[in-house]
Undergrad: 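Below you will find the structure I want to go over with you.
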Amino acid sequence: MKRHFTQAEVYYLNTLPAVERASMDRITYSREFQVRCMAQYLRGNGPTSIFASAGLNPKIVGSKRIERAIARWKADPQIMTEAQSFANEAAADQRDLLVISQSMTIAWLEKKVMDLQDQLRSMEAHAAECLNAPSPGKLVTLV
């Protein structure tokens, strides 16, 4: 038997960007959510967690509805083509962010090494001056 939503649940579902419209017995999901959902699914995320992250609590929506939606979208070649493209773009964006982050870290570390080398040279020069300077207890005779 199909579970019907309460008025409050219908109102809540209709406030979500993932939902195009909801009624007492049906949810129509936005096309964008369908594509993003399947892109996340292709990247290995579980259907329940994908829906939950979009505000679609499995206790409200129902696990069977989630399973059927995923199966329906998986069988739709247009959705899957868009989802694959979106998943590839997202992966490329993540790679780019990682490369930029690593480049910035490398640049910071290189600067840190140069600063430490300058400090070391300065300390070595100071130590050499101290070794060459007459000690306070010695008398220097000028001839």
Side-chain angles (χ1 to χ4, degrees), residues 1-140:
M1 183 170 160
K2 197 176 204 180
R3 178 188 178 280
H4 291 280
F5 301 112
T6 66
Q7 287 285 77
E9 289 171 335
V10 170
Y11 178 78
Y12 169 73
L13 290 169
N14 278 310
T15 65
L16 299 174
V19 175
E20 192 172 295
R21 76 181 153 273
S23 64
M24 298 288 271
D25 61 348
R26 186 178 179 108
I27 303 173
T28 303
Y29 302 96
S30 71
R31 176 68 173 201
E32 183 180 356
F33 173 69
Q34 293 173 15
V35 171
R36 288 180 181 266
C37 177
M38 294 313 294
Q40 289 181 32
Y41 181 78
L42 290 172
R43 285 187 297 226
N45 296 326
T48 302
S49 66
I50 296 168
F51 272 67
S53 69
L56 295 160
N57 188 330
K59 291 180 181 175
I60 295 173
V61 177
S63 59
K64 206 60 168 165
R65 271 193 175 97
I66 293 171
E67 288 175 27
R68 284 194 303 264
I70 295 292
R72 204 171 41 251
W73 301 338
K74 201 188 302 185
D76 185 320
Q78 283 183 317
I79 290 174
M80 292 308 292
T81 300
E82 287 178 53
Q84 186 64 55
S85 174
F86 189 79
N88 290 343
E89 286 174 21
D93 289 345
Q94 286 177 331
R95 278 191 301 272
D96 290 346
L97 287 174
L98 181 61
V99 167
I100 290 167
S101 172
Q102 289 175 337
S103 295
M104 290 173 65
T105 300
I106 290 168
W108 180 82
L109 289 170
E110 287 174 338
K111 180 168 180 357
K112 191 71 173 163
V113 166
M114 287 190 297
D115 289 346
L116 289 171
Q117 286 174 335
D118 288 344
Q119 283 180 353
L120 181 60
R121 276 192 286 275
S122 175
M123 291 171 73
E124 287 173 339
H126 181 70
E129 286 175 12
C130 289
L131 289 174
N132 293 334
S135 54
K138 288 185 179 177
L139 288 174
V140 178

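This chain uses plain numbering: 1 for the first residue, then up along the sequence. We use all heavy atoms of the structure for the numbers below, so side chains are in, but hydrogens, waters and symmetry mates are not.
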Undergrad: For this output row, return yes or no: ring centroids of Tyr11 and Phe5 closer than 6.0 angstrom.
TA: no
Undergrad: Examine distances only and state if a side-chain atom of Gln34 and a backbone atom of Tyr29 form a donor-acceptor pair shorter than 3.5 Å.
TA: yes
Undergrad: Hey, could you give me each pair passing salt bridge (Lys or Arg N to Asp or Glu O under 4.0 Å) that has a residue in residues 48-61? Not counting sequence neighbours.
TA: none
Undergrad: Applying side chain to side chain donor-acceptor pair (under 3.5 Å), can you list everything that pairs with Glu82, at least two apart in sequence or on another chain?
TA: Arg31
Undergrad: Let me check something: any side-chain donor-acceptor pairs from residues 63-70 under 3.5 Å, sequence neighbours excluded? List them with distances.
TA:
| residue | atom | partner | partner atom | Å |
| --- | --- | --- | --- | --- |
| Arg65 | NH1 | Val61 | O | 3.3 |
| Arg65 | NH2 | Arg3 | O | 3.2 |
| Arg65 | NH2 | Asp25 | O | 3.3 |

Undergrad: Going by the rule side chain to side chain contact (heavy atoms under 4.5 Å, CB included), which residues pair with Asn14 if we only count those two or more places apart in sequence or in a different chain?
TA: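 Here the qualifying residues are Val10, Val19, Arg21, Ala22.
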Undergrad: List the residues meeting ring-ring contact (aromatic ring centres under 6.0 Å, His included) with Tyr41, not counting sequence neighbours, and say none if there are none.
TA: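 Partners of Tyr41 under the ring-ring contact (aromatic ring centres under 6.0 Å, His included) test: none.
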Undergrad: For Leu16 and Phe33, run side chain to side chain contact (heavy atoms under 4.5 Å, CB included): C-alpha distance rounded to whole Å, both residues' side-chain angles, the deciding distance at 0.1 Å, then the answer.
TA: CA-CA 10 Å; Leu16 299 174; Phe33 173 69; over 6 Å; no
Undergrad: Please list, one pair per line, the donor and acceptor atoms closer than 3.5 Å that link side chains of residues 121-130 to other protein atoms, with sequence neighbours excluded.
TA:
| residue | atom | partner | partner atom | Å |
| --- | --- | --- | --- | --- |
| Arg121 | NH2 | Asp118 | OD1 | 2.8 |

Undergrad: Is it true that, when you exclude Gln7 itself, more than 12 heavy atoms of the residues, nucleotides or ligands shown sit nearer than 6.0 Å to its CD?
TA: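 Count not over threshold, so no.
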Undergrad: I need the full list of salt bridge (Lys or Arg N to Asp or Glu O under 4.0 Å) pairs touching residues 70-81, with sequence neighbours left out, sorted by first then second residue.
TA: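 For residues 70-81, and leaving out neighbouring residues, there are no salt bridge (Lys or Arg N to Asp or Glu O under 4.0 Å) pairs at all.
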Undergrad: Please enumerate all residues that pass salt bridge (charged side-chain N to carboxylate O under 4.0 Å, His left out) together with Glu32, with sequence neighbours excluded.
TA: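 With sequence neighbours excluded, Glu32 shows a salt bridge (charged side-chain N to carboxylate O under 4.0 Å, His left out) to Arg36, given in chain and number order.
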Undergrad: If you round to the nearest 0.5 Å, how far is CG of Asn57 from OG1 of Thr48?
TA: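 Answer rounded to 0.5 Å: 10.5 Å.
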